[in-house]
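Encoded as structure tokens, the structure appears first; notes follow it.
Hydrogens, waters and symmetry mates are skipped; everything else that's a heavy atom, side chains included, is used.
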Amino acid sequence: MKSNTKHIALISLGVMAGGTLAAIPFSHLPWVRFLQSGFEAGLVGGLADWFAVTALFRHPLGIPIPHTALLPKNRQRITKALVETVQNDLLSKDSIRAKLDQFSISAKLLDGLEQHLDSEETKQTLTALTRHAVREVPLAPLVPVLEQTIRGWAGSLDTRQLLSRVLEYGFSQNWDEKAFDYALDLVERLVIQKQTADKLGEMAAQALQHFQTNGFMQFALNAFVGFVSEEKLGSTIQQFLLLRIAELGRPDNSTRVALLQTLRSKLSELPGKDETIAALDQWKQGMLEQMDLASVLEKTLEQLRSRLLAYMESEAFADEVLIPLLRQGLRKIRDDRELVERMETFIHDKLAEWVENNHHRIGQLIEENINRYDNESLIALMEDKLGRDLQWIRVNGAVCGFLIGLVLHGVRLLAGFF
């Protein structure tokens with residue numbers, strides 16, 4: 001494009017020069033003199049503009065004419081003026097801050113974050129950052145805090161209220177009846193064993209031998225002991241006990257019902273007994289003092305971290321936990337107008353502070369970029385960017401000179417006519 005406009009400028013100058021030379025032999029003709037005036041003025045205008053355009057960058061025809069090659073000679077001054085214009089006028093601190101105030105930066109940030117949450121790259125990045133954070137979190141400082149919190153919480157528990165709630169829940173779940181059945185089952189397992197029957201027979205025989213009575217009753221008792229062996233006696237007692245245990249195991253057994261009612265009544269009285277509560281408080285305090293809670297917490301936290309890191313490696317963590325949690329957090333932030341306004345104020349204040357502290361770098365950046373070029377490279381760059389318009393100046397100079405020449409010759413003719 002620059003080359004084409006340069007050719008047009010040369011052609012326009014050539015046309016004016018050619019027209020001027022061609023008109024000389026026929027200058028006695030009025031209409032030729034009229035055109036000749038236009039061509040001469042166009043040639044002068046074209047040459048003047050060529051000189052002016054060329055003088056901006058170099059010496060015309062290599063002749064060191066004063067006030068030519070303006071850019072190379074005044075490079076520092078031009079650079080300084082450019083820097084000051086851009087820094088103080090075009091991109092002044094006030095204009096930058098005013099432009100920033102027109103944008104709702106926090107809303108843009110929140111919208112941008114939410115729009116990119118579902119991309120795989122975002123999921124991978126956020127998951128990696130989360131895993132790194134979990135992996136690098138020091139657990140040692142957390143242990144004393146958690147230990148103190150747990151001990152304080154356990155020590156502040158109302159033992160009486162806790163016992164009442166435990167009993168209430170236990171009664172609703174029939175724990176007393178289940179405990180009673182469990183005890184019956186243990187007793188039955190113990191009684192049904194052969195060694196138990198043998199031991200019962202031995203104990204019963206010894207008891208009968210040492211039992212003392214008078215007269216006929218003593219005679220009958222001695223006869224019974226001599227007639228019944230220890231094995232028979234133990235088996236009989238065993239069968240009796242098993243029968244009674246089976247009867248107590250039936251839900252409709254009156255003895256069972258009475259025992260369970262008595263048990264529940266006695267248990268219900270425990271929260272009202274100060275000695276019971278004091279004993280439980282003492283037991284609780286002793287357990288807290290004896291327990292190596294710090295070691296337990298440290299191992300528990302390490303296990304939790306290992307399991308959490310293992311879960312984070314799965315795709316479900318990002319899709320089911322991390323991204324929904326972040327999206328919910330972003331929406332809560334957006335719905336909190338006061339928080340958004342505080343964020344906006346904070347961002348604008350920090351940007352204004354950054355602009356204030358770094359505004360001078362704009363001029364430094366412009367100057368550094370200009371200084372990267374030597375004179376020839378800088379001239380070539382400017383001609384490449386501005387050459388098309390500069391060459392049109394030459395064309396316009398030639399055309400305008402031609403028209404002005406015609407007008408002036410016309411004015412002279414009119415003056416001579418009158």
Side-chain angles (χ1 to χ4, degrees), residues 126-186 260-314 316-333 335-336 338-339 342-343:
L126 292 176
T127 300
L129 290 175
T130 306
R131 294 187 73 254
H132 178 75
V134 172
R135 186 168 49 249
E136 297 300 325
V137 168
L139 300 180
L142 298 177
V143 173
V145 177
L146 291 175
E147 181 181 10
Q148 183 179 3
T149 302
I150 293 175
R151 290 186 184 277
W153 171 78
S156 63
L157 285 176
D158 187 341
T159 306
R160 193 185 305 276
Q161 185 179 13
L162 179 62
L163 179 60
S164 297
R165 291 185 177 181
V166 170
L167 290 173
E168 181 180 353
Y169 181 77
F171 293 153
S172 67
Q173 300 296 318
N174 294 322
W175 283 359
D176 53 341
E177 188 172 353
K178 293 176 182 178
F180 185 79
D181 289 336
Y182 181 74
L184 287 178
D185 185 61
L186 288 178
L260 287 175
Q261 290 177 347
T262 303
L263 176 61
R264 180 168 293 195
S265 176
K266 294 297 182 182
L267 289 174
S268 300
E269 295 174 357
L270 291 178
K273 295 183 177 181
D274 293 337
E275 61 274 15
T276 301
I277 301 303
L280 288 175
D281 284 335
Q282 185 177 1
W283 170 82
K284 179 180 67 175
Q285 188 63 32
M287 289 291 294
L288 290 174
E289 292 176 355
Q290 296 175 9
M291 182 182 299
D292 187 6
L293 190 57
S295 177
V296 174
L297 286 173
E298 186 175 355
K299 293 179 181 178
T300 302
L301 289 175
E302 286 292 348
Q303 292 175 355
L304 287 175
R305 174 153 64 183
S306 299
R307 293 180 180 178
L308 182 57
L309 288 173
Y311 176 63
M312 287 180 175
E313 294 180 356
S314 64
F317 171 72
D319 294 332
E320 299 177 4
V321 178
L322 183 58
I323 300 303
L325 184 63
L326 290 175
R327 180 172 283 109
Q328 182 181 6
L330 290 174
R331 290 174 180 173
K332 286 184 177 180
I333 293 174
D335 294 337
D336 191 338
E338 183 179 352
L339 177 59
R342 291 203 304 268
M343 288 174 55

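A distance of 12.0 Å separates CZ in R151 from CG in L146, rounded to the nearest 0.5 Å. In this structure, T262 OG1 and R264 CZ are separated by 12.0 Å, a value rounded to the nearest 0.5 Å. Atoms CD1 and CZ, from I323 and F317 in turn, are 9.0 Å apart once rounded to the nearest 0.5 Å. Taken to the nearest 0.5 Å, the CG atom of D158 stands 8.5 Å off from the CG atom of D281. To the nearest 0.5 Å, atom CG of residue D176 and atom NZ of residue K266 are 15.0 Å apart. From E302, atom CD reaches atom OG1 of T300 across 10.0 Å, with rounding to the nearest 0.5 Å.
For Y182, the OH atom counts as loosely surrounded, since its 6.0 Å shell holds 12 or fewer non-hydrogen atoms of other residues, nucleotides or ligands. Heavy-atom contacts from other residues, nucleotides or ligands closer than 6.0 Å to CZ of R327 number more than 12. Within a 6.0 Å radius of CD in E269, more than 12 heavy atoms belonging to other residues, nucleotides or ligands are found.
Here the closest non-hydrogen pair linking E147 and A294 is OE1-CB, 3.6 Å. Taking all atoms of both residues into account, the shortest heavy-atom contact from V321 to Y311 is CG2-OH, 3.4 Å. Nearest heavy-atom pair across T127 and A318 is OG1-CB, 3.7 Å.
A 4.5 Å side-chain heavy-atom check between S295 and K299 finds at least one atom pair inside the cut-off. In this structure, L157 and W153 have side chains that are in contact, with non-hydrogen atoms separated by less than 4.5 Å. Side-chain atoms of M312 and L308, non-hydrogen and from C-beta on, do get closer than 4.5 Å to each other. L297 is not listed as a side-chain neighbour of L142, based on a closest heavy-atom distance of 4.5 Å or more.
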Criterion side chain to side chain contact (heavy atoms under 4.5 Å, CB included) on L167 and F171, from CA distance to verdict: CA-CA 6 Å; L167 290 173; F171 293 153; 4.2 Å; yes

L280 and L162: CA distance, side-chain angles, deciding distance, side chain to side chain contact (heavy atoms under 4.5 Å, CB included) verdict: CA-CA 11 Å; L280 288 175; L162 179 62; over 6 Å; no

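Counting only distance, with no hydrogens or angles, the side chain of S172 and the backbone of Y169 share a donor-acceptor pair below 3.5 Å. The closest donor-acceptor contact from the side chain of R305 to the backbone of V137 lies under 3.5 Å.
The pair R160-D274 counts as a salt bridge, with a side-chain nitrogen and a carboxylate oxygen less than 4.0 angstrom apart.
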